[in-house]
K.L.:
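Got a structure for you, questions after.
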2 protein chains.
Amino acid sequence: MPNNQFRRGELYSVINGMASTAVARRLQKNFRNAGLEITIEQWSVLYHLWKEDCLSQQELCNRTFRDKPSITRLIDNLEKQKLVKRMPSKSDRRINLVCLTDAAKELQDLTIDLANQTMNEALIGVNKDDIETVKQVFQKVYDNLT
Amino acid sequence: MPNNQFRRGELYSVINGMASTAVARRLQKNFRNAGLEITIEQWSVLYHLWKEDCLSQQELCNRTFRDKPSITRLIDNLEKQKLVKRMPSKSDRRINLVCLTDAAKELQDLTIDLANQTMNEALIGVNKDDIETVKQVFQKVYDNLT
DNA sequence: TGAAATTAGTTGCATAACTAACTATATGCC
DNA sequence: GGCATATAGTTAGTTATGCAACTAATTTCA
């Protein structure tokens with residue numbers, strides 16, 4: 001199990017996503033403790049659908065930074081759990097629109113609360129300017145590489 | 001495929017490790033282009049062994065922030081590729097010491113160069129103080145959650 | 001109009017992650 | 001000494017990721 005032997009100055013740890021996986025693990029645990037059976041990856045898809053329902057799979061790829069096979073399988077699993085439904089687009093028969101079910105709509109408030117709580121726990125003692133800096137660095141890194 | 005539609009101010013994207021996975025993907029690609037068949041996960045294990053050879057699996061868990069089954073399988077795969085060898089510890093028969101082979105030692109310089117190059121590409125236009133801030137925030141988040 | 005190229009999505013294969021349950025060895029303590 | 005507990009590592013099952021190759025529908029353009 002991970003412990004606290006991380007040493008400051010270890011840039012390669014950034015590659016391994018140390019902090020973000022710690023957040024992800026905690027959020028997953030908080031979902032489980034609340035009796036929710038969704039994974040954080042599934043939740044991240046739902047999150048974008050709550051903001052805008054019935055997106056194409058390609059649009060979900062763009063918004064969640066995943067490739068197409070990943071989205072295909074996440075949607076497969078979400079469909080099995082009856083949280084989303086694939087609807088063929090009327091204007092372009094190549095496209096599946098992914099739409100929320102009522103069951104998924106009911107998860108929105110609770111899970112977003114849990115996510116906010118988790119982020120608050122994670123960010124105790126971190127000041128707002130530094131959070132802004134992290135976001136800007138992430139954006140820059142992402143832009144540099146894509 | 002991920003594109004550049006990320007919007008600033010989207011904290012949940014941090015959860016998904018957007019930037020660190022972009023770095024990981026790029027490093028993986030750079031390995032492949034150099035004809036190296038190792039994954040970045042395998043490389044992260046080798047990286048710690050280059051700093052200190054013949055660590056126990058538990059110690060590799062601690063240093064790479066992975067759980068025990070993950071390390072078991074990474075070592076399985078590294079052993080298949082003849083890059084490490086499990087050696088039973090003489091003082092404690094529960095322990096496997098994971099030691100580098102000569103083949104692995106030869107990978108050190110090239111792969112660390114590739115990693116440095118990748119980090120440099122990723123960090124173009126990011127100033128040193130901001131990198132320090134990111135590392136400190138990561139450390140704080142990690143400490144908060146563990 | 002019709003062939004070539006592009007776009008949306010799926011499938012197969014390999015690697016890796018997490019959880020839970022397991023074996024084997026070592027340690028603590030009465 | 002011997003039982004309870006802790007530690008090191010493995011195995012099984014599910015989910016997720018990355019890549020390459022694939023099908024089907026749409027667009028481009030000669």
Side-chain angles (χ1 to χ4, degrees), chain A residues 1-3 15-18 20-33 37-45 55-62 64-81 83 86-98, chain B residues 1-3 15-18 20-33 37-45 55-62 64-81 83 86-98:
Chain A
M1 268 126 263
N3 68 4
I15 294 173
N16 295 327
M18 192 258 306
S20 66
T21 61
V23 175
R25 272 196 282 248
R26 172 62 59 96
L27 180 55
Q28 182 70 76
K29 200 167 120 187
N30 288 347
F31 281 171
R32 217 175 24 252
N33 290 344
E37 304 227 321
I38 56 172
T39 65
I40 46 165
E41 291 84 2
Q42 291 169 1
W43 179 80
S44 79
V45 171
L55 296 171
S56 68
Q57 295 190 194
Q58 181 58 54
E59 193 50 39
L60 284 171
C61 293
N62 298 341
T64 64
F65 307 102
R66 289 188 167 83
D67 64 4
K68 291 194 287 177
S70 294
I71 286 295
T72 292
R73 276 145 186 154
L74 279 173
I75 303 302
D76 287 347
N77 285 330
L78 283 166
E79 228 175 9
K80 266 189 232 157
Q81 299 181 252
L83 293 173
R86 282 179 171 94
M87 311 285 231
S89 161
K90 280 163 187 159
S91 58
D92 185 336
R93 289 192 301 162
R94 292 171 305 180
I95 291 178
N96 288 335
L97 296 175
V98 180
Chain B
M1 266 125 266
N3 68 4
I15 293 173
N16 295 327
M18 189 259 305
S20 65
T21 60
V23 175
R25 270 194 285 249
R26 172 61 59 94
L27 180 54
Q28 181 73 74
K29 201 166 120 187
N30 288 348
F31 281 171
R32 218 174 23 254
N33 290 345
E37 304 227 322
I38 57 173
T39 66
I40 45 163
E41 291 83 2
Q42 292 169 1
W43 179 79
S44 78
V45 170
L55 296 171
S56 69
Q57 295 190 196
Q58 182 56 55
E59 193 50 40
L60 285 170
C61 293
N62 298 340
T64 64
F65 308 102
R66 290 187 168 83
D67 64 6
K68 290 193 289 176
S70 296
I71 286 295
T72 292
R73 271 149 187 147
L74 279 172
I75 303 301
D76 287 348
N77 285 331
L78 283 166
E79 229 175 7
K80 266 190 233 156
Q81 299 181 253
L83 293 173
R86 282 177 170 98
M87 311 286 230
S89 162
K90 281 164 190 163
S91 57
D92 185 337
R93 289 193 303 162
R94 291 172 304 181
I95 292 179
N96 288 334
L97 296 175
V98 180

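Everything numeric in this text was worked out from a predicted model, so none of it was measured. Every chain is numbered from 1, with letters handed out A, B, ... down the list of sequences.
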K.L.:
Using whole Å, report how far NZ of A/K68 lies from C1' of C/dT6.
P.N.:
10 Å
K.L.:
Rounded to whole Å, how long is the line connecting atom CD1 of B/I40 with atom C1' of D/dC19?
P.N.:
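It works out to 14 Å between those atoms.
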K.L.:
Supply the atom-to-atom distance B/N77 CG to B/E79 CD, rounded to the nearest 0.5 angstrom.
P.N.:
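That separation rounds to 10.0 Å.
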K.L.:
Looking at every heavy atom in both A/R66 and A/S44, which two are closest together, and how far apart are they?
P.N.:
NH1-OG, 3.0 Å
K.L.:
How far does OG1 of A/T64 sit from CD of A/Q57, to the nearest 0.5 angstrom?
P.N.:
11.0 Å
K.L.:
Rounded to whole angstroms, how far apart are CG on A/D67 and P on C/dT10?
P.N.:
13 Å
K.L.:
For residues B/S89 and B/D92, is any side-chain donor paired with an opposing acceptor at under 3.5 Å?
P.N.:
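There is no such pair (donor and acceptor under 3.5 Å, judged by atom type) between the side chains of B/S89 and B/D92.
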K.L.:
Atom NZ of B/K90 to atom P of C/dT25: distance rounded to whole Å?
P.N.:
18 Å
K.L.:
Which whole-number value in Å describes the distance from B/E79 CD to D/dG9 P?
P.N.:
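It is 13 Å, rounded to the nearest whole Å.
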K.L.:
Based on the rotation axes of five pairs at each end, what angle does the helix from C/dT1-D/dA30 to C/dC30-D/dG1 bend through, to 10°?
P.N.:
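The two end axes of the helix from C/dT1-D/dA30 to C/dC30-D/dG1 meet at 20°.
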K.L.:
Closest approach to the side chain of B/N96, judged atom by atom: which nucleotide of C/dA16, D/dT17, D/dT10 is it?
P.N.:
D/dT10
K.L.:
Of all the heavy-atom pairs spanning B/L74 and B/E41, show the shortest one and how long it is.
P.N.:
CD2-CB, 3.8 Å
K.L.:
May I ask you to evaluate whether B/R66 reaches the phosphate of C/dC18, defined as a side-chain N or O under 4.0 Å from OP1 or OP2?
P.N.:
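The answer is no; no side-chain N or O of B/R66 sits under 4.0 Å from OP1 or OP2.
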K.L.:
Given C/dA8, is OP1 or OP2 found less than 4.0 Å from the side-chain N or O atoms of A/Q57?
P.N.:
no
K.L.:
Given that A/D92 and B/L97 both sit by DNA chain D, which one's nearest nucleotide is further toward the 5' end?
P.N.:
B/L97
K.L.:
Roughly how far, to the nearest 0.5 Å, is OG of B/S56 from CG of B/N62?
P.N.:
7.5 Å
K.L.:
Suppose we screen for side chain to side chain donor-acceptor pair (under 3.5 Å). Which residues come up paired with B/Q42, at least two apart in sequence or across chains?
P.N.:
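Counting only residues at least two positions away or on another chain, B/Q42 forms a side chain to side chain donor-acceptor pair (under 3.5 Å) with B/Q81.
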K.L.:
Let's see if you get this right: which residues in residues 69-78 of chain B place a heavy atom under 4.0 Å from DNA chain C?
P.N.:
B/P69, B/S70, B/R73, B/L74, B/N77
K.L.:
Strictly below 4.0 Å: does B/Q28 bring a side-chain N or O up to OP1 or OP2 of D/dC19?
P.N.:
no
K.L.:
Give the rounded distance in Å between these two atoms: CZ of B/R32 and C1' of D/dC19.
P.N.:
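About 7 Å, once rounded to whole Å.
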K.L.:
Check whether any side-chain heavy atom of A/I75 sits under 4.5 Å from a side-chain heavy atom of A/N96, and report yes or no.
P.N.:
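No, side chains not in contact.
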K.L.:
Just N and O in the side chain of B/R25: are any of them under 4.0 Å from OP1 or OP2 of D/dG18?
P.N.:
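For D/dG18, OP1/OP2 do have a side-chain N/O of B/R25 under 4.0 Å.
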K.L.:
Quick one: on DNA chain C, does B/T39 or A/K29 contact a more 5' nucleotide (nearest heavy atom)?
P.N.:
B/T39
K.L.:
Consider the side chain of B/R94, meaning its heavy atoms from C-beta on, and name the nucleotide among C/dA8, D/dT7, D/dG9 that approaches it most closely.
P.N.:
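The answer is D/dT7, which lies nearest to the side chain.
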K.L.:
Are A/L97 and A/K90 close enough, and set up right, to give a side chain to side chain contact (heavy atoms under 4.5 Å, CB included), and what steps lead you there?
P.N.:
CA-CA 10 Å; A/L97 296 175; A/K90 280 163 187 159; over 6 Å; no
K.L.:
Does C/dT10 have its OP1 or OP2 closer than 4.0 Å to a side-chain nitrogen or oxygen of A/R86?
P.N.:
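Yes, A/R86 has a side-chain N/O under 4.0 Å of OP1/OP2 on C/dT10.
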K.L.:
Mind checking A/Q42 for me? I need base, sugar-phosphate or nothing, with any heavy atom below 4.0 Å counting as a touch.
P.N.:
sugar-phosphate
K.L.:
Taking CG from B/N62 and C1' from D/dA8, how many angstroms apart are they, rounded to a whole number?
P.N.:
12 Å
K.L.:
Just how far is it from atom CD1 of A/I38 to atom CZ of A/R32, taken to the nearest 0.5 Å?
P.N.:
12.5 Å
K.L.:
Could you state the CE-P distance from B/M87 to D/dG9, rounded to the nearest angstrom?
P.N.:
15 Å
